[in-house]
Number of protein chains: 2
Amino acid sequence: MQLVSGDANLREQVVDQLRIAIVSGELPPGTVCSVPSLARTLGISTTPIREALLQLTSDGLLQPMRNRGFRVVDPSLDELRGIFEVRMQLEASAFRKLVRMGADDLSELEAQADAIAESVETGDVPRYLAADRAFHAELLALAGNEVLADIVLRLRDRMRLYGIRSQHGLERQKASVPEHYRIIEIIKRGLEDEAEALMTGHIMAWEPIFTEAIAQRNAQV
Amino acid sequence: MQLVSGDANLREQVVDQLRIAIVSGELPPGTVCSVPSLARTLGISTTPIREALLQLTSDGLLQPMRNRGFRVVDPSLDELRGIFEVRMQLEASAFRKLVRMGADDLSELEAQADAIAESVETGDVPRYLAADRAFHAELLALAGNEVLADIVLRLRDRMRLYGIRSQHGLERQKASVPEHYRIIEIIKRGLEDEAEALMTGHIMAWEPIFTEAIAQRNAQV
DNA sequence: GCGCGGACGATTGCGCGCAAGGTGGGGAAC
DNA sequence: GTTCCCCACCTTGCGCGCAATCGTCCGCGC
């Protein structure tokens, strides 16, 4: 893991890098991070490390082990199911609300949909993830409930993305491309009846992929 | 504000105390807290203070002002509406699911419902809040989605309780007593059709009370 | 061979100092 | 009186050391 000098303060850099390392599987579940060891590895002081680990603990990615360090939590199937259940409800209802309200400026959505399509074309998985996240963030912002948007985005950032590069994962990425354009079209035309079903399917299609990936991982261990 | 020696570490004590002070209105919106000033006030070092303020910032109760301190965020009506919208959806569907599944042990719920009734009887508002929170926490736990339960409880802990002691607030407390018993009865009898409406009403009945309280406060300033 | 105890090592939580940076107010200039 | 500039104060973010605590491992006794 390497710190990039993008953000100003060290704490946020550590949070971002560790989160990526955890959700991508680079830091497998069960790995124990400690404040002093990470400080040595990254060549910085313990203070921003400690603050970052506390943040990730609050986010549900780490769990503290008294005087032993912070352990990367096991992504249980129950947790995954719980996350998908909440996301499905909130994003579907937010989308339906957005379709009912209508929206003026869909250019950002269109730009991100294009970025998603290009990423799938070129096989650029990190860019796909970033663009997909940005697309849904914009969608949620348009729906006009910041609290809901914040919750959903945090849930996204908490999910392990183990199956993303699998055969099924790549197929799902490809299948998601037209769905994003369809989402935009539904907003433009105000097709409220189609909204909920499309969004539900769009989200839940990922569940078996992640479930399978986590189940495989658990079977290995 | 005073630190109680209940929890072990100072950080959590500070978080809890500050959260109570903020949601109760003891620390009005706009108040600026700084790490060194709070450290002097509480007579402890800056480190646990700083960690607590970062936590509350992440929870949405404070917002950092570069080199000026942490400001208690203004509880906008939009935010309140957003919180209620999410809570309504999640708690109602979780309750419906629980009624469908059924539950074995409702003794904890009954105990908390009794505590709620007693608190209203004696006018013990803090105890009412604690018991009501515990009741709904148990309800969410029985529904079997930890992720959802965590989200809802965090939203509860984020809401300002300004109107709780008003005339309408006290009336609402009294009206909520039979509703809690009714909730238990609905689980016992598996009355799935009544579940969603009751829970929605039970939650949303508070919205105008808090809305009014916040609107009044905003009008004063 | 097996169970137990004590010491070692590592970790957390907290206290504290310091450099960098921004805010606001007071004083000077016009 | 108004405006502008500069300085002093306060803040954040980070580095670092220390006491208390817990897990672990090795050696000793049985």
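Just the heavy atoms: all of them, side chains too, but no hydrogens, waters or symmetry mates, feed the values below. Note that this is a predicted model, so its numbers are computed, not measured. First the proteins, then the strands, lettered A, B, ... as listed; each starts at 1.
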Specify the separation, in whole Å, of atom [atom1] of [X] and atom [atom2] of [N].
X	N	atom1	atom2	value
B:R68	D:dT12	CZ	P	11 Å
A:I44	D:dG13	CD1	C1'	11 Å
A:N67	D:dA20	CG	P	13 Å
A:L10	D:dG13	CG	P	11 Å
A:I49	D:dG13	CD1	C1'	14 Å

State, without any angle test, whether [X] and [Y] hold a side-chain donor-acceptor pair at a distance under 3.5 Å.
X	Y	answer
B:S76	B:D74	no
B:Q112	B:E108	yes
A:S93	B:Q89	yes
A:Y162	A:S24	no

Strand contacts (DNA chain D) in residues 51-61 of chain A, 4.0 angstrom heavy-atom criterion |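 Result for residues 51-61 of chain A: none.
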
Within the structure shown, what part of the strands sits under 4.0 Å from A:S34 by heavy-atom distance: base, sugar-phosphate, or nothing?
->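 Sugar-phosphate contact only - A:S34 comes under 4.0 Å of backbone atoms but never of a base.
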
By side-chain contact (heavy atoms from CB on, under 4.5 Å), which residues pair with B:V177, not counting sequence neighbours?
->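 Expected list: B:I116, B:A117, B:V120, B:Y181.
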
Does a side-chain heavy-atom distance below 4.5 Å link A:T211 with A:R81?
->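 They are not in side-chain contact.
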
Tell me, yes or no, whether the heavy-atom count around B:E207 atom CD, taken from other residues, nucleotides or ligands under 6.0 Å, exceeds 12.
->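 Atom CD in B:E207 is packed in, count exceeds 12.
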
Identify the 5'-most and 3'-most nucleotides of DNA chain C with at least one atom closer than 4.0 Å to a non-hydrogen atom of chain A.
->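 It runs C:dT11 to C:dG13.
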
Earlier contact from the 5' end, DNA chain D, for B:F70 and A:P48 |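 The residue mapped nearer the 5' terminus is B:F70.
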
Of B:T47 and B:V35, whose closest DNA chain D nucleotide lies nearer the 5' terminus?
->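 Per heavy-atom nearest nucleotide, the more 5' residue is B:V35.
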
Report the C-alpha distance between A:R127 and A:E121 in whole Å, list the side-chain angles of each, state the deciding distance to 0.1 Å, and finish with yes or no for salt bridge (charged side-chain N to carboxylate O under 4.0 Å, His left out).
-> CA-CA 11 Å; A:R127 191 183 170 210; A:E121 210 56 50; over 6 Å; no

Kindly indicate, with the supporting measurements, whether the criterion salt bridge (charged side-chain N to carboxylate O under 4.0 Å, His left out) is fulfilled by B:R217 and B:E212.
-> CA-CA 9 Å; B:R217 159 162 266 294; B:E212 186 186 4; over 6 Å; no

